[in-house]
Amino acid sequence: MLEIGGMRVDDLAKTYQTPLYVYDENQLRTRLKDYATLFQSDDFETGVLYASKAFSCCAMVKLVQEYGICLDVVSGGEIYTAYKAGFDMTKAYFHGNNKSLDELQMAIDTKVGTIIVDNLMEAQALNEIAKKSDHLIHVLLRVNPGIDAHTHKYIVTAHVDSKFGVSMMQEKEIVDLIQTFEDNPNLSFDGLHAHIGSQIFDKNAFVAEIEKMFGFVKKLESDYGIHLNTIDLGGGFAATYTSEDHPIPLDEVCKTILDTCKKENTKQGLSIQKILIEPGRSIVAEAGSTIYTVGFTKQTPNKNYVFVDGGMADNIRPALYQAKYNADIANKMEQAKDCIYTVAGKACESGDVLIEDIALPKCEPGDLLVTYTTGAYGYSMASHYNKLLTPGVVFVANGKAREVIHRESYEHLIGLENND
Ligand code: LLP
């Protein structure tokens, strides 16, 4: 029987029902601690912002806080979660390309420390709203450096029309935007932000990003007399889903980033003081697994299906991105994997396939199938398609489990409906 965090998977399934998201809490803690200790430098003030879109809930926010890590939030909902969890909101960074005026006001009211502005209209709106603020709000501007690293390779001068940030090619707009904040005593314009993609394996993509960012800061300084002190490089550090994935080790990625920043600061004659990164996936993905119960199996002319009691509603990533996952039958860990299966979910959608062609022991109803590395963008992208219930989430550590999000019930499902 497979164990996670010292707990037997069948015990977890019995107590909390399936599907169930399970996080190994010690693994989460190790990752948070590693980021906090490895992303340190004698040359810069550094900050690690956990991108809460990867997995946000009060328990996770509390863990993040324990390790002195900051938080990247992208909506009123993520602000609310952090605020309710008792997070020190001065360490929150508010992102988004279309923040509503209500969300901006909420950020100010909850004393969010930094707002990362995406565009000129947002800058103008924030400038107005912030006049009534009773505290200083730090501001960064999201720029688009024209580097696309969504795949195993990065591409320079790609994606100039991305919906995020202002392209570095639109220099005048960037200067106008920065000047918007000049006379506002409640706003402090600190620097630039960029995010070049997710699940990035190539450290040269980050090197290219840093070179572009420092080069641009230099241009702003020499051509327009604009002085900045902060560069936020975004997230995107990869996780291991299958044996085909080889992410850059964390110590190497941190060292490469900090060394390159130091080199560029000297080369460009700049005095950037603060470097930030925003990892999401690489903190939570590998610590998470999903437990499913096997239902029926079915043979078609060319496929051998095993059906599980969840699927695309709790993990949209295979359907949306053709993401690959690994799995085991938790109650048959020592049996030979001599059958090739397609693992499919229960939703009314042909694309609801979690894994194509995986070797597993012969599957029978009641078996417990566990998919690994589901900790990022699983729960956070869950849907109610077919009115499926969103699974619960448990943190396990040292043989003990705690339910951090309850499993939905049918009452929850129609709880907001007008059933007159
Ligand atoms: N910072 C910004 C501004 C971002 O847009 C993102 C992710 C991150 C940080 C965190 O990136 P990470 O370290 O997790 O790669 N739903 C997709 C991933 C979308 C990522 C969007 N932005 C997936 O499931 O693969």
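On a predicted model such as this, the values are computed, not experimentally measured, just so you know. For ligands, and for the atoms within them, numbers begin at 1 and follow the listed sequence.
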Just to be sure I read this right, does ligand 1 sit under 4.0 Å from the backbone of [X], its side chain, both, or neither, counting only heavy atoms?
| X | answer |
| --- | --- |
| Ser198 | both |
| Val74 | neither |
| His195 | side chain |
| Arg317 | side chain |
| Tyr321 | side chain |

[X] neighbourhood, listing ligand 1 atoms whose heavy-atom distance to it stays under 4.0 Å:
| X | value |
| --- | --- |
| Arg142 | 3 (C) |
| His95 | 3 (C) |
| Arg281 | 12 (P), 13 (O), 14 (O), 18 (C), 23 (C), 25 (O) |
| Gly280 | 12 (P), 13 (O), 14 (O) |
| Ala51 | 8 (C), 9 (C), 10 (C) |

Does OH belonging to Tyr224 count more than 12 external heavy atoms closer than 6.0 Å?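 It does: Tyr224 OH has more than 12 such atoms within range.
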Go through the side-chain N and O atoms of Asp190 and Ser188 and say whether any donor and acceptor fall under 3.5 Å apart.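 Yes, a side-chain donor-acceptor pair sits under 3.5 Å.
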Side-chain donor-acceptor contact under 3.5 Å, Tyr241 with Arg281: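 Yes, a side-chain donor-acceptor pair sits under 3.5 Å.
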Are any of the N/O atoms on Met381, whether in the backbone or the side chain, positioned under 3.5 angstrom from an N/O atom of ligand 1? no
Is there a nitrogen or oxygen of Gly234 sitting under 3.5 Å from a nitrogen or oxygen of ligand 1?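 Not met; the criterion fails.
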Determine whether the aromatic ring centres of Phe206 and Phe237 lie less than 6.0 Å apart. yes
Would you say the ring centers of His95 and His193 fall short of 6.0 Å from each other? yes
Ring pair (Phe, Tyr, Trp, His ring centres under 6.0 Å) test vs Phe55 passes for just one of Tyr21, Tyr23, Tyr377, namely Tyr23
Does any N or O in the side chain of Lys99 come within less than 3.5 Å of the main-chain N or O of Ile116, such that one atom is a donor and the other an acceptor?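 Yes; at least one donor-acceptor contact below 3.5 Å.
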Residue selection (non-hydrogen contact nearest atom 19 (C) of ligand 1) among Tyr377, Phe237, Tyr93, Phe164: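 Nearest option to atom 19 (C) of ligand 1, by heavy atoms: Tyr377.
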Would you tabulate the side-chain donor-acceptor contacts of residues 174-181 under 3.5 Å, counting partners in other chains and residues two or more places apart, or write 'none'?
from, atom 1, to, atom 2, distance (Å)
Asp176, OD2, Lys172, NZ, 2.9
Thr180, OG1, Asp176, O, 3.0
Thr180, OG1, Leu177, O, 2.8

